[in-house]
Amino acid sequence: MKKVIALGFALISSEAALAYNANSSVEIKNIRVRPTVAYVLFEGCSRYSKIYLSNDYYKSMFSVAMMAAASNKKVAVEFQENKSCASTEPLINYIDIKI
């Protein structure tokens with residue numbers, strides 16, 4: 001029984017178990033901007049997430065990320081294709097700022 005409890009605890013506390021494909025209240029820790037893509041690091045993520053700057057929607061999403069980071073506001077974020085930010089650099093579906 002102790003082994004089952006220990007295994008359960010290890011699984012729950014592992015990075016993969018704590019990774020998420022969506023979060024409703026998270027801070028932006030860092031933003032990197034390159035010519036065609038912006039990388040956003042959210043709290044609790046070990047990898048950056050990507051916003052391609054290829055159309056107005058993505059550019060607006062990047063603006064929301066910058067505003068949230070500059071004002072220390074929390075955001076809701078969801079990643080495309082149910083990917084996690086623990087082991088990949090997922091594309092961002094949306095960012096909603098908590099005002």
Side-chain angles (χ1 to χ4, degrees):
M1 182 64 173
K2 289 182 182 179
K3 289 182 181 180
V4 171
I5 292 172
L7 179 61
F9 181 77
L11 179 63
I12 289 171
S13 63
S14 72
E15 183 179 23
L18 295 175
Y20 56 87
N21 71 328
N23 194 320
S24 61
S25 185
V26 65
E27 289 182 22
I28 295 173
K29 295 303 204 179
N30 197 24
I31 296 177
R32 294 178 176 172
V33 181
R34 302 299 181 257
T36 60
V37 65
Y39 295 94
V40 182
L41 181 63
F42 296 98
E43 71 177 328
C45 289
S46 58
R47 303 292 298 265
Y48 280 83
S49 305
K50 295 185 279 192
I51 302 173
Y52 286 107
L53 305 174
S54 58
N55 64 38
D56 288 342
Y57 174 72
Y58 294 134
K59 290 174 185 176
S60 296
M61 195 172 9
F62 173 66
S63 294
V64 168
M66 289 293 292
M67 184 175 70
S71 60
N72 291 321
K73 296 287 186 179
K74 296 214 177 220
V75 297
V77 62
E78 181 181 274
F79 304 116
Q80 292 182 6
E81 300 174 4
N82 284 330
K83 294 205 175 172
S84 163
C85 61
S87 59
T88 64
E89 291 182 339
L91 293 173
I92 299 171
N93 254 353
Y94 69 79
I95 298 175
D96 293 336
I97 190 168
K98 303 288 186 176
I99 296 177

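Separating the CZ atom in R47 from the OG atom in S84 is a distance of 10.5 Å, to the nearest 0.5 Å. With values rounded to the nearest 0.5 angstrom, S71 atom OG is found 8.5 Å from I99 atom CD1. Considering NZ of K50 and OG1 of T88, their distance stands at 8.0 Å, rounded to 0.5 Å.
The backbone N or O of A86 lies less than 3.5 Å from a partner atom in the side chain of S46, making a donor-acceptor pair. Side-chain atoms of E43 come within 3.5 Å of backbone N or O of E27 as a donor-acceptor pair.
Between I28 and V40 the shortest side-chain heavy-atom distance falls below 4.5 Å. Contact check for I92 versus V77: side-chain heavy atoms found under the 4.5 Å cut-off. Between L41 and I31 the shortest side-chain heavy-atom distance does not fall below 4.5 Å. Taking 4.5 Å as the limit, every side-chain heavy atom of I51 sits out of range of all side-chain heavy atoms of V37. Between F79 and L91 the shortest side-chain heavy-atom distance does not fall below 4.5 Å.
Around the CE atom of M66, the shell of radius 6.0 Å holds no more than 12 heavy atoms that belong to other residues, nucleotides or ligands. Atom CG of N30 has more than 12 neighbouring heavy atoms from other residues, nucleotides or ligands inside a 6.0 Å radius.
Hydrophobic clustering of Ile, Leu, Val, Met, Phe, Trp and Tyr side chains at less than 4.5 Å, counting indirect connections, unites F42 with F62. I95 is not connected to Y52 by any chain of hydrophobic side-chain contacts under 4.5 Å among Ile, Leu, Val, Met, Phe, Trp and Tyr, and they are in different clusters. Neither Y94 nor Y48 shares a network with the other; the hydrophobic side chains, linked directly or stepwise wherever heavy atoms of I, L, V, M, F, W or Y lie under 4.5 Å apart, form separate groups for each.
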**OP:** Show your working on side chain to side chain contact (heavy atoms under 4.5 Å, CB included) between M67 and I97 and close with a plain yes or no.
**Re:** CA-CA 9 Å; M67 184 175 70; I97 190 168; 3.6 Å; yes
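Side-chain polar atoms of Y39 and R34 form no donor-acceptor pair below 3.5 angstrom.
The two residues C85 and S49 make their nearest non-hydrogen contact at CB-OG, 4.2 Å.
Of the residues K83, Q80, M61, the one that meets the side-chain contact (heavy atoms from CB on, under 4.5 Å) test with N93 is Q80.
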